[in-house]
Amino acid sequence: MAGTVEKVRFGFSVNKDRQIDYDANLKDIADIVLKAEPTINLCISCGTCASTCTAGQFTDFSLRKMILLVRRGETKGLENEISKCMLCGKCQLACPRGVSTRNLILQIHKALKTGAL
Amino acid sequence: MSRKIAVIGGGAAGLEASSALASLGFRVVLVEKEDETGGHIKNWHALFPNRRPGTEVLQALRSKLSKEVELFSGKTVTEIKQVQGRFEVGSADGWKAEADAVLLTTGFSLFNASKKEEYGYGIYDNVITSADLESAFSAGKITMKNGEQPKRIGFVHCVGSRDEKAGNIYCSKVCCVTAVKQAIEVKQFLPECEVFCFYMDMRMFGRHYEELYKEAQEKYYIQFIRGRLSESTEDHTGKIILKVEDTLLGKPLKIGVDMLVLMVGMESPDITRKLGSELGLLNDSDRFLVSADQHISANVSEIPGLFFAGTCTGPKNIADTLADARSAALAIAGYFENNSNRS
């Protein structure tokens with residue numbers, strides 16, 4: 001028919017870029033949390049926290065990874081992620097660099113609640 | 001008449017070995033290709049891990065040279081010959097000396113960063129090497145080409161090291177701790193500047209190195225990202241855009257920096273290989289010289305009377321180089337002791 005265009009489905013879709021765009025990402029949560037709990041700077045990503053983590057035995061929760069995501073400003077889904085932590089504190093006992101991991105979780109909670117996002 | 005030893009190269013190893021040999025009663029001929037002794041240290045503003053001035057160590061090494069050490073500077077040794085159980089050392093300009101033994105302390109050369117074309121050294125304005133940054137510290141000025149102060153600097157570890165494509169599969173040992181030292185110095189110089197280190201592994205092997213790494217994190221907020229730079233590009237504003245994988249997150253990462261510092265590694269210098277091949281010495285697959293035994297006789301070559309000290313047998317820090325130089329002096333003393341006992 002004149003004036004109408006048939007919709008053709010080619011079976012393709014566009015994926016969102018997987019790349020971390022550091023310059024474009026907001027680091028507002030990281031700024032707040034790093035200031036409130038500076039021992040996060042000491043993390044060497046060894047993974048001791050994640051391996052001892054009770055929540056990590058049953059879910060894909062990893063504190064090591066979460067610290068990095070926050071630092072890079074990759075905070076999408078962060079609220080759901082930290083809800084997996086039960087604040088048992090085993091990670092804090094195991095951390096070789098003395099990172100105050102429990103307070104880190106609490107500070108992220110706080111930063112999210114105060115509407116930093 | 002006491003025995004005479006020719007020491008080839010007046011860097012850290014050559015200086016230390018010369019004074020050690022003199023104190024053991026030898027006469028020493030120290031030959032340096034440049035006008036001044038000191039090798040790479042004279043271009044290094046501060047040393048890891050305590051950031052003391054390089055000149056401090058250099059002055060200490062130079063002041064130990066006694067009158068038994070005859071220094072010839074501005075002489076590039078091009079020939080080492082064995083003549084009736086002795087050695088004859090000669091330079092390009094016709095200078096010659098005879099010696100009973102020769103100690104090679106020819107050191108290392110820095111990797112030519114422009115070989116890693118994808119990193120942009122010599123192409124983009126604000127890509128420099130770790131050696132360039134030391135010169136900037138000495139000059140007391142860290143600025144971009146346009147004269148402005150950088151707001152974000154990236155350090156790339158392992159440039160020309162652990163890289164088969166660069167022809168060097170070995171680790172240069174000292175670049176990791178140098179990057180940490182320089183990152184701290186940048187923060188002391190420009191407290192507002194953000195600093196990122198891109199590393200494959202953090203090899204903090206020496207005493208107080210791990211502490212320095214911790215200090216960099218704790219006091220200076222330097223960020224360490226585990227991932228090797230694949231390529232850098234310059235955008236229309238002159239910013240250098242880096243592409244690395246954030247390997248601990250398993251995601252590609254794009255980040256812009258105002259200045260990029262390439263941590264260049266150590267290589268066996270051409271002159272060592274040239275002298276070595278003429279003497280029939282072996283080079284290892286890493287092109288550094290081969291010791292008679294890596295553990296037991298590291299200072300001994302396959303040629304009687306010819307010895308090694310310092311980085312001509314592979315990357316070393318200054319403390320290890322000096323220990324190696326003193327060890328070479330003892331090896332030489334032992335060599336003559338054994339020979340005279342036999343005769």
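Bear in mind that the values here come from a model prediction, so they are computed numbers and not experimental data. In the text below, chain A, chain B and the rest are named by the order of the sequence lines, each starting its count at 1.
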What would the table of donor-acceptor pairs between chain A and chain B look like if you include every N and O pair under 3.5 Å, whether backbone or side chain?
{"residue": "A/Arg18", "atom": "NH2", "partner": "B/Gly250", "partner atom": "O", "Å": "2.7"}
{"residue": "A/Ile20", "atom": "N", "partner": "B/Pro252", "partner atom": "O", "Å": "2.7"}
{"residue": "A/Ile20", "atom": "O", "partner": "B/Lys254", "partner atom": "N", "Å": "2.8"}
{"residue": "A/Tyr22", "atom": "N", "partner": "B/Lys254", "partner atom": "O", "Å": "2.9"}
{"residue": "A/Asp23", "atom": "OD1", "partner": "B/Arg152", "partner atom": "NH1", "Å": "2.8"}
{"residue": "A/Asp23", "atom": "OD1", "partner": "B/Gly256", "partner atom": "N", "Å": "3.4"}
{"residue": "A/Asp23", "atom": "OD2", "partner": "B/Gly256", "partner atom": "N", "Å": "2.9"}
{"residue": "A/Asn41", "atom": "O", "partner": "B/Gln217", "partner atom": "NE2", "Å": "3.3"}
{"residue": "A/Cys43", "atom": "O", "partner": "B/Gln217", "partner atom": "NE2", "Å": "3.0"}
{"residue": "A/Arg64", "atom": "NH1", "partner": "B/Leu248", "partner atom": "O", "Å": "2.8"}
{"residue": "A/Arg64", "atom": "NH2", "partner": "B/Leu248", "partner atom": "O", "Å": "3.3"}
{"residue": "A/Arg71", "atom": "NE", "partner": "B/Gln223", "partner atom": "OE1", "Å": "3.2"}
{"residue": "A/Arg72", "atom": "NE", "partner": "B/Asp246", "partner atom": "OD2", "Å": "2.3"}
{"residue": "A/Arg72", "atom": "NH2", "partner": "B/Asp246", "partner atom": "OD2", "Å": "3.0"}
{"residue": "A/Glu74", "atom": "OE1", "partner": "B/Lys251", "partner atom": "NZ", "Å": "3.0"}
{"residue": "A/Arg97", "atom": "NH1", "partner": "B/Gln217", "partner atom": "OE1", "Å": "2.5"}
{"residue": "A/Arg97", "atom": "NH2", "partner": "B/Glu210", "partner atom": "OE2", "Å": "2.6"}

TODO: Identify which part of B/Ile222 has an atom lying under 4.5 Å from any heavy atom of chain A, answering side chain, backbone, both or neither.
DONE: neither
Open item on the list: Does atom CD1 (B/Ile169) have a neighbourhood of more than 12 heavy atoms from anything else shown, all under 6.0 Å?
Closed with: no
TODO: State which residues pass side chain to side chain contact (heavy atoms under 4.5 Å, CB included) with A/Phe12; sequence neighbours excluded, sorted by chain then number.
DONE: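 If we apply the side chain to side chain contact (heavy atoms under 4.5 Å, CB included) test to A/Phe12, skipping adjacent residues, the hits are A/Phe10.
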TODO: Using the test side chain to side chain contact (heavy atoms under 4.5 Å, CB included), find all partners of A/Leu87 that sit at least two apart in sequence or belong to another chain.
DONE: A/Cys85, A/Arg102, A/Ile105, A/Leu106
- [ ] Output the distance between atom CG (A/Leu68) and atom CG (B/Leu249), rounded to the nearest 0.5 Å.
- [x]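 Nearest 0.5 Å value for the CG-CG distance: 4.5 Å.
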Open item on the list: Is A/Leu69 close to chain B through its backbone or its side chain, or both, or neither, when contacts mean heavy atoms under 4.5 Å?
Closed with: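 Answer is both: backbone and side chain atoms of A/Leu69 are under 4.5 Å from chain B.
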Task: ring-ring contact (aromatic ring centres under 6.0 Å, His included) contacts touching residues 50-73 of chain A (sequence neighbours left out) - done: none
